Protein chains: 4
Amino acid sequence: MFYRIDTKSPTPLYEQLIFQIKELYIQGILEPGEKLPSIRELSSVILVNPNTVSKAYQELERQGIIYTERGRGTFLTDNTALLEKAPERMEIKNQLRELVLRSRRCGIAKSELLHWVETASEEVQS
Amino acid sequence: MFYRIDTKSPTPLYEQLIFQIKELYIQGILEPGEKLPSIRELSSVILVNPNTVSKAYQELERQGIIYTERGRGTFLTDNTALLEKAPERMEIKNQLRELVLRSRRCGIAKSELLHWVETASEEVQS
Amino acid sequence: MFYRIDTKSPTPLYEQLIFQIKELYIQGILEPGEKLPSIRELSSVILVNPNTVSKAYQELERQGIIYTERGRGTFLTDNTALLEKAPERMEIKNQLRELVLRSRRCGIAKSELLHWVETASEEVQS
Amino acid sequence: MFYRIDTKSPTPLYEQLIFQIKELYIQGILEPGEKLPSIRELSSVILVNPNTVSKAYQELERQGIIYTERGRGTFLTDNTALLEKAPERMEIKNQLRELVLRSRRCGIAKSELLHWVETASEEVQS
DNA sequence: GTGGTCTAGACCACA
DNA sequence: GTGGTCTAGACCACA
């Protein structure tokens, strides 16, 4: 199984799950239309409470990445928007890693980087 | 007064204070050796709980940016490390803003960017 | 075959079946006295669990739309009430669609519309 | 207090809360910028679990109706979009009630109305 | 005090 | 079996 969770990370478990499922989808390990593991199944695999998995699935549904059929399970949509953006996502991720590296050499705290991302996001939004 | 905080920002108030004092120092608005406002004074100016200001000052002292003389107040150190790094800080901040902009066009959520900064920080650290 | 269900719809499958059989009846595609497919046959055609078809048939029988003759099958009744109401049903359906359209322009969520239908139904009932 | 919940309604409690807060806002009983009761406070008033209130608040935040300041509480935004749409909302609500009434006279089940709202919503979306 | 996350476990409608 | 809702209660960072 390729689902994994880090309980020591500051990122909430349900967000880790969201990011990971997106990543698996982008990498082609999960395919459009494919059935995801049931909430109970996944929760027992990654040793996390079913509610936590449910929260992740609901957020993914809100984002249009997955949909649920009542009584049958949860499936990936045919939404290919994510797939198309995959290369640029990768690039952004890499450049971000580089910036983090340089920040460390400058003595810039992680919290300050996070704050800059926050403020930049607000600016961009308006 | 130039101290200002945004209670609506997701960045904790005490961190906003830390970042701002650093910024004022880098920009030369606050100078080495200068006396900072007392905790009570500052907290009444920016309408924040004194504990919050105190927490910011403690962290800045831990970072060697300020020091306290009992009964006299808190002062900026002569630490010039921050000043030397000013241009690179600026550059990192700008590049970060650009990445945020591109992320938005890719449909990458802010939470995902924050998570990438987290994971990259962990990698770098080890 | 004209029976079709949408597993992605939030409407329960057995309700979709009910509505569809009524619709086929109203449109004259199914006629009074006509024999409906057996549970097993229909379930294999529309790829649905036999229990689901059974539940739909039971509800239709309860409503007096169909009746069962043991060992012979299920048949549509001569009940013409549905047929008489056909034009008004159509009109209501159309007006509902218009309201949904206007709602969207107002930013009213589907969930809110559904809730209003619920509350209005309760009022009317009492 | 004006917050009230009907545990017997088929509408989930957290959705009832969402609708009610919107309604109170539209009617001017709650005003922009005003502080909402804390999660714990409200949950004890309406005798509902804090998690349920939290879920409602989070959805309202996602919709841009409220925002939270960490450690301080939850507040209504200055978003006036809802207020501007108030009259049309009212009208739609009333027309919906009328349709429900007519439906009852036609023998149309509540479930069928709900289904029509669902299908119309899908059509409109695409 | 505030909200956010998480666990454990119940009950429900639906397939 | 499936997901959705809800309760009870813990722990956390922050103000």
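Throughout, protein chains are lettered first and strands after them, A, B, ... in sequence-line order, and every chain is numbered starting at 1. Fair warning: this is a prediction, and the values are worked out from it, not measured in the lab.
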Minimum-distance nucleotide (side-chain atoms of Gln58(A) versus dA15(F), dC6(E), dG4(F)): dG4(F)

N/O donor-acceptor pair, side chain Arg40(A) with base dG3(F), under 3.5 angstrom: yes

Distance in angstrom units between Ile39(B) CD1 and dA15(F) C1', rounded: 15 Å

Atom of Leu96(D), atom of Leu96(C) and distance for their closest heavy-atom approach: CD1-CD1, 3.6 Å

Candidate nucleotides dG3(F), dC14(F), dG3(E), ranked by approach to the side chain of Tyr57(D) - the nearest: dG3(E)

First encountered from the 5' end of DNA chain F, between Leu13(B) and Leu47(D): Leu47(D)

5'-most by nearest nucleotide on DNA chain E - Gly71(A) or Thr52(A): Thr52(A)

Touch class at under 4.0 angstrom, heavy-atom based, for Glu69(D) against every strand present: nothing

Heavy-atom side-chain contact between Glu61(A) and Thr68(A) under 4.5 Å: yes

dT2(E): pairing nucleotide in any strand, Watson-Crick or G-U under 3.5 angstrom: dA13(F)

Considering all heavy atoms, the nearest Tyr25(D)-Pro32(D) contact: OH-CG, 3.5 Å

Polar contact flag, side-chain donor to acceptor under 3.5 angstrom, Gln58(B)-Ser54(B): yes

Any Ser54(A) side-chain N or O less than 4.0 Å from OP1/OP2 of dG3(F): no

Donor-acceptor pair under 3.5 Å, Arg70(A) side chain vs dG4(F) base: no

dG3(F) base / Asn51(A) side chain donor-acceptor hit below 3.5 Å: no

Lys55(A) or Thr11(C), whichever maps to the more 5' nucleotide of DNA chain E: Lys55(A)

base_contact_polar (dA8(F) base, Asn49(D) side chain, donor-acceptor, <3.5 Å): yes

Pair Glu59(C)-Gln63(C), side-chain donor/acceptor within less than 3.5 Å: yes

Given dG4(E), dG3(E), dC6(E), the nucleotide with the shortest approach to the side chain of Glu61(D): dG4(E)

Sugar-phosphate, base or nothing in reach of Thr7(C), heavy atoms under 4.0 Å: nothing

